[in-house]
Amino acid sequence: MKKDIHPEYRKVVFLDSSSDFKFLSGSTKSSEETIEWEDGNTYPLIRVEISSDTHPFYTGKQKADKVGGRVDRFKKKYNM
């Protein structure tokens, strides 16, 4: 490999914002936030919106839609 052209690969902690699930992995992504991990070391913290802990493919559950679709809004509007 050529020197000085590749991003720095390091361990980072990913935090799922919706479930507070954390996991340690390798990444080239950087962050100003840090967190102390279970091993006592401090790692950069990357916040993600969805992970294997909350994704429907891995959980087998679909998230309930808070707003509802067009049909639901129509029925609610006309008390059906």
Side-chain angles (χ1 to χ4, degrees):
M1 291 195 310
K2 292 183 180 179
K3 290 185 177 187
D4 302 326
I5 64 166
H6 299 285
E8 181 186 350
Y9 186 78
R10 62 187 157 280
K11 291 189 177 190
V12 297
V13 175
F14 290 93
L15 171 66
D16 187 334
S17 303
S18 58
S19 70
D20 291 332
F21 175 69
K22 298 176 219 153
F23 61 95
L24 181 66
S25 183
S27 178
T28 58
K29 193 117 169 110
S30 61
S31 173
E32 297 294 321
E33 287 184 276
T34 59
I35 190 170
E36 188 172 327
W37 189 243
E38 299 160 355
D39 62 3
N41 293 326
T42 302
Y43 298 104
L45 176 68
I46 307 292
R47 295 180 186 272
V48 293
E49 293 179 12
I50 195 161
S51 69
S52 61
D53 191 53
T54 55
H55 194 280
F57 179 81
Y58 298 104
T59 62
K61 301 177 202 168
Q62 290 289 347
K63 281 188 171 182
D65 201 8
K66 295 177 185 176
V67 177
R70 288 184 186 179
V71 175
D72 293 331
R73 285 183 281 169
F74 178 83
K75 287 180 178 180
K76 184 178 179 181
K77 183 177 179 179
Y78 295 105
N79 296 322
M80 298 176 104

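Below, each value reflects all heavy atoms present in this structure, side chains not excepted, and no hydrogens, waters or symmetry copies.
With sequence neighbours left out, the side chain to side chain contact (heavy atoms under 4.5 Å, CB included) criterion links Phe74 to Tyr78, Met80. For Ile35, the side chain to side chain contact (heavy atoms under 4.5 Å, CB included) partners at least two apart in sequence or on another chain are Val13, Lys22, Leu45. A search for ring pair (Phe, Tyr, Trp, His ring centres under 6.0 Å) contacts involving Phe23 returns Phe14, Phe21, not counting sequence neighbours.
Among residue pairs with one or both ends in residues 4-16, those qualifying as salt bridge (charged side-chain N to carboxylate O under 4.0 Å, His left out) are Glu8-Arg10; sequence neighbours excluded. Sorted by first then second residue, the side-chain hydrogen bond (donor to acceptor under 3.5 Å, both in side chains) pairs that include residues 27-41, not counting sequence neighbours, are Glu33-Arg47, Asp39-Asn41, Asp39-Tyr43, Asn41-Tyr43.
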